[in-house]
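Report on the following structure.
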Amino acid sequence: QVQLVESGGGLVQAGGSLSLSCAASGRTRSTYGMGWFRQAPGLEREFVAAITWSGGIPYYADSVKGRFTISRDNAKNTVYLQMNSLKPEDTAVYYCALRIGTVLTTTNAHYDYWGQGTQVTVSS
């Protein structure tokens, strides 16, 4: 089993920045990819960003491209999401997810483990 714990959410004004972290523990010896998703009230969970084990070219949703940056530190089994120029529409619960393997994917169902989520609220 793998456990994922997110941290770093909070309240910020529009235009501000927040940094999220997600630490993985447990059976993390396999090669795995990491992703961030978010879910706003009344909406489905949507893809935000993903990165492979090697930390190669990450992939972003169009809505966050140029504003968010995903990175990872394999020595710490941790993935990060730096969020800049935040907008009120970025308000959501943010989840990190882990997928065993090397393939980058934006599909929720392809991820094997999920964190409990952290709230991000952007005020206008």
Quick one: does Met83's side chain get under 4.5 Å of Val64's, heavy atoms only? no
Do you know which two heavy atoms are closest between Ser17 and Gln82, and how far apart they sit? CB-NE2, 3.9 Å
Check: Leu4 and Leu98 side chains under 4.5 Å, non-hydrogen atoms: yes
Determine whether a donor-acceptor pair (N or O, by modelled atom type, separation under 3.5 Å) exists between the side chain of Thr105 and the backbone of Thr107. yes
Scanning both residues in full, the closest heavy-atom pair of Thr91 with Val122 reads OG1-N, 2.9 Å
May I have all residue pairs that pass salt bridge (Lys or Arg N to Asp or Glu O under 4.0 Å) and include part of residues 96-120, sequence neighbours excluded? none
For residues 31-82, the disulfide bond (SG atoms under 2.5 Å apart) pairs (sequence neighbours left out) are none
Going through the distances and angles, do Asn77 and Tyr32 end up as a side-chain hydrogen bond (donor to acceptor under 3.5 Å, both in side chains)? CA-CA 10 Å; Asn77 288 326; Tyr32 57 89; 3.0 Å; yes
Please table the atom pairs, donor to acceptor, closer than 3.5 Å between any side-chain atom in residues 6-16 and protein atoms at least two apart or in another chain.
residue: Glu6; atom: OE1; partner: Gln116; partner atom: N; Å: 3.0
residue: Glu6; atom: OE1; partner: Gln116; partner atom: NE2; Å: 3.3
residue: Glu6; atom: OE1; partner: Gly117; partner atom: N; Å: 2.9
residue: Glu6; atom: OE2; partner: Cys96; partner atom: N; Å: 2.9
residue: Glu6; atom: OE2; partner: Gly117; partner atom: N; Å: 3.2

Please name all residues satisfying side-chain hydrogen bond (donor to acceptor under 3.5 Å, both in side chains) with Ser123, sequence neighbours left out, ordered by chain then number. none
May I ask whether Val79 and Val2 are part of the same hydrophobic cluster, defined by side-chain heavy atoms of I, L, V, M, F, W, Y residues being less than 4.5 angstrom apart, directly or through others? yes
Any pair with a residue in residues 67-94 that passes ring pair (Phe, Tyr, Trp, His ring centres under 6.0 Å), sequence neighbours left out, goes on the list, sorted by first then second residue, please. none
Grouping ILVMFWY residues whenever side-chain heavy atoms fall under 4.5 Å, the cluster of Leu43 otherwise contains none
Residues passing the side-chain contact (heavy atoms from CB on, under 4.5 Å) test with Thr106, sequence neighbours excluded, are Phe47, Tyr59
Would you list the pairs meeting salt bridge (Lys or Arg N to Asp or Glu O under 4.0 Å) in which at least one residue belongs to residues 43-60, sequence neighbours left out? Arg38-Glu46
The complete set of salt bridge (Lys or Arg N to Asp or Glu O under 4.0 Å) pairs with one or both residues in residues 72-89, sequence neighbours excluded, reads none
Residues two or more places apart in sequence or in another chain: which of them pass side-chain hydrogen bond (donor to acceptor under 3.5 Å, both in side chains) with Thr52? Ser54
Keeping to residues at least two apart or across chains, list the ring pair (Phe, Tyr, Trp, His ring centres under 6.0 Å) pairs with something in residues 95-124. Phe37-Tyr111, Phe37-Trp114
Nearest-0.5 Å distance that lies between atom CG in Leu18 and atom CG in Asn84: 9.5 Å
Show your working on side chain to side chain contact (heavy atoms under 4.5 Å, CB included) between Val48 and Leu81 and close with a plain yes or no. CA-CA 10 Å; Val48 175; Leu81 186 68; 4.2 Å; yes
Could you check whether any side-chain heavy atom of Asp90 comes within less than 4.5 Å of a side-chain heavy atom of Arg67, counting everything from C-beta outward? yes
Contact between Cys22 and Met34 at the side-chain level, heavy atoms closer than 4.5 Å - yes or no? yes
